[in-house]
Amino acid sequence: MDLKKTRLFCIPFSGGNAYSYSEFKKYIPDNIELCNLELPGRGKRISEPLLHSVESMTEDLFLQIETKINENYVIFGHSLGSLLGITLCRYISVKGMNLPLILFLSGQTAPASIKPDNKHTLPDDQFINMLREMAGTPEELLTDKSFLQFFLPVVRADFQALSDYNYTSKNTPLDVPITIMLGKDEKISDEDAAIWQLETDNTISVHRFEGGHFFIFDHIEKISNLIAEKIKSQLKT
């Protein structure tokens with residue numbers, strides 16, 4: 001098979017957009033096509049209404065890639081993007097369409113472990129402090145009132161979708177390899193990571209990187225290399 005036909009669909013994290021993974025383009029090999037997806041209410045789709053559920057987000061993502069998954073492709077998602085990655089894969093499976101070669105899921109507990117937390121309902125000051133602790137948003141933006149006026153509703157909508165997600169144990173495991181990536185300082189134990197095994201008939205692989213929840217931006221080259229190596233290995237099987 002020709003590796004040039006492998007598309008890498010990237011799903012943004014809470015508050016993220018299609019530009020969130022733009023740095024990956026520097027390190028992803030030319031034979032992998034980087035395809036950054038965009039949810040409504042941000043980036044190029046800023047004029048569209050925000051979505052507040054995993055189900056509506058999943059359907060929106062599917063419509064973006066529906067005509068592009070006839071050949072080799074993989075899916076990468078971080079945080080909320082990881083949950084959307086697995087739900088998108090299941091959506092594609094139900095449609096009876098070509099499944100991804102691999103799922104790359106980063107910075108997220110397994111769907112079976114997700115519990116409602118209502119973080120999206122916190123007062124602005126507490127919500128901003130929570131984002132500050134997650135270290136994914138520059139401090140100068142967290143103190144910029146005009147930026148926060150736009151940004152907070154986006155992140156709240158994303159957090160609501162995560163909190164309202166209902167897992168079903170009736171899901172049939174997918175016949176898709178899953179690579180899990182986590183920060184060593186994240187509050188996700190090895191036992192928590194192992195629960196991802198419920199989602200696939202294949203053996204999962206777990207990779208730890210130095211850093212907290214947004215470790216991915218400190219290890220873009222390593223992660224890009226890992227993705228390329230996993231794709232190459234999968235195409236050989």
Side-chain angles (χ1 to χ4, degrees), residues 8-14 16 21 54-55 57-58 61 73-94 99-119 130 133-136 158-159 161-220 222-237:
L8 169 59
F9 293 109
C10 294
I11 305 174
F13 43 85
S14 295
Y21 301 122
V54 168
E55 292 77 14
M57 291 176 176
T58 299
L61 292 168
Y73 73 98
V74 298
I75 294 172
F76 171 83
H78 180 72
S79 197
L80 172 63
S82 286
L83 176 59
L84 293 173
I86 193 75
T87 58
L88 176 59
C89 190
R90 291 198 173 282
Y91 196 97
I92 293 167
S93 179
V94 169
L99 292 173
L101 295 171
I102 312 170
L103 284 175
F104 296 97
L105 307 177
S106 167
Q108 179 62 54
T109 55
S113 301
I114 295 175
K115 296 178 176 60
D117 56 27
N118 293 319
K119 289 179 181 177
M130 178 192 67
E133 290 173 5
M134 294 175 70
D158 290 348
F159 273 56
L162 189 60
S163 179
D164 291 349
Y165 172 72
N166 290 312
Y167 179 77
T168 173
S169 59
K170 297 179 181 179
N171 285 330
T172 302
L174 294 162
D175 185 19
V176 177
I178 297 179
T179 295
I180 306 299
M181 291 178 269
L182 300 169
K184 290 182 178 179
D185 298 331
E186 284 196 277
K187 296 178 181 178
I188 301 177
S189 67
D190 291 342
E191 290 76 16
D192 290 335
I195 299 174
W196 273 107
Q197 187 61 66
L198 294 173
E199 308 306 315
T200 178
D201 283 329
N202 291 253
T203 301
I204 65 170
S205 63
V206 180
H207 303 261
R208 291 275 186 179
F209 296 83
E210 295 291 340
H213 184 59
F214 281 98
F215 68 91
I216 56 173
F217 295 115
D218 295 322
H219 304 283
I220 295 176
K222 289 182 179 179
I223 292 171
S224 297
N225 290 339
L226 177 63
I227 289 172
E229 290 168 7
K230 289 282 186 178
I231 292 174
K232 184 176 181 181
S233 177
Q234 188 64 18
L235 287 172
K236 287 181 179 180
T237 60

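Of all heavy-atom pairs spanning Ile86 and Ile178, the tightest one is CD1-CD1, 4.0 Å. Listed here is the closest heavy atom pair of Ser82 and Gly77: OG-O, 2.8 Å. In terms of heavy-atom proximity, Val176 sits nearest to Pro100 at CG1-O, 3.6 Å. Closest approach of Pro173 and Arg90 over heavy atoms only: CA-NH2, 4.3 Å. The two residues Leu80 and Ser14 have their closest heavy-atom pair at CB-OG, 3.5 Å. Thr109 and Trp196 get closest at one heavy-atom pair: O-CZ2, 3.5 Å.
Residues His207 and Thr179 have side chains in contact (heavy-atom distance under 4.5 Å, counting atoms from C-beta outward). Proximity of Glu191 to Ile195: side-chain heavy atoms (C-beta onward) are nowhere separated by under 4.5 Å. In this structure the side chain of Leu162 never reaches within 4.5 angstrom of the side chain of Asp117, judged on heavy atoms. Within the 4.5 Å cutoff, no side-chain heavy atoms of Tyr167 are placed close to those of Ile114. Residues Glu199 and Leu105 fail the side-chain proximity criterion, which asks for heavy atoms closer than 4.5 Å. Ser163 has its side chain out of reach of Lys119: every pair of non-hydrogen atoms, C-beta onward, lies at least 4.5 Å apart. Residues Gln234 and Val74 have side chains not in contact (no heavy-atom distance under 4.5 Å, counting atoms from C-beta outward). When side chains are defined from C-beta on, Phe209 counts as touching Ile223, because their heavy atoms get closer than 4.5 Å.
Going from atom OG1 of Thr58 over to atom CD1 of Ile11 covers 8.0 Å, rounded to the nearest 0.5 Å. Here the CG-NE2 distance, from Asn225 to His219, works out to 13.0 Å after rounding to the nearest 0.5 Å. Of the inter-residue distances, the one linking Leu182 atom CG with Ile188 atom CD1 reads 5.0 Å to the nearest 0.5 angstrom. Atoms OG1 and CG, on Thr200 and Leu103 in that order, are 8.0 Å from each other to the nearest 0.5 Å. Atoms CD and NZ, on Glu210 and Lys222 in that order, are 8.0 Å from each other to the nearest 0.5 Å. Rounding to the nearest 0.5 Å gives a distance of 10.5 Å between CG of Leu226 and OG of Ser106.
In this pair, Tyr21 and Phe217 present their aromatic rings parallel. The plane angle is below 30°, not in the 30 to 60° band. Using cut-offs of 30° and 60° for the angle between ring planes, the His78 and Phe13 rings count as perpendicular.
Of the residues listed (Gln108, Glu186, Glu133), the one engaging His213 in a side-chain contact (heavy atoms from CB on, under 4.5 Å) is Glu186, and it is the only one.
The pair Arg208-Asp190 meets the salt-bridge criterion, with a side-chain N (NZ, NE, NH1 or NH2) lying under 4.0 Å from an Asp/Glu carboxylate O.
The 12-atom threshold is exceeded at CG of Asn118, counting heavy atoms of other residues, nucleotides or ligands nearer than 6.0 Å.
Remark: side-chain polar atoms of Gln197 are paired, donor with acceptor, to backbone N or O of Asn202 under 3.5 angstrom. The main-chain N or O of Ile220 is found under 3.5 Å from a side-chain atom of Ser224 such that the two form a donor-acceptor pair. Thr87 places a side-chain N or O within donor-acceptor distance of the main-chain N or O of Leu84, the cut-off being under 3.5 Å.
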inquiry  = Evaluate Phe215 against Lys184 for side chain to side chain contact (heavy atoms under 4.5 Å, CB included), listing each step before the verdict.
reply    = CA-CA 9 Å; Phe215 68 91; Lys184 290 182 178 179; over 6 Å; no
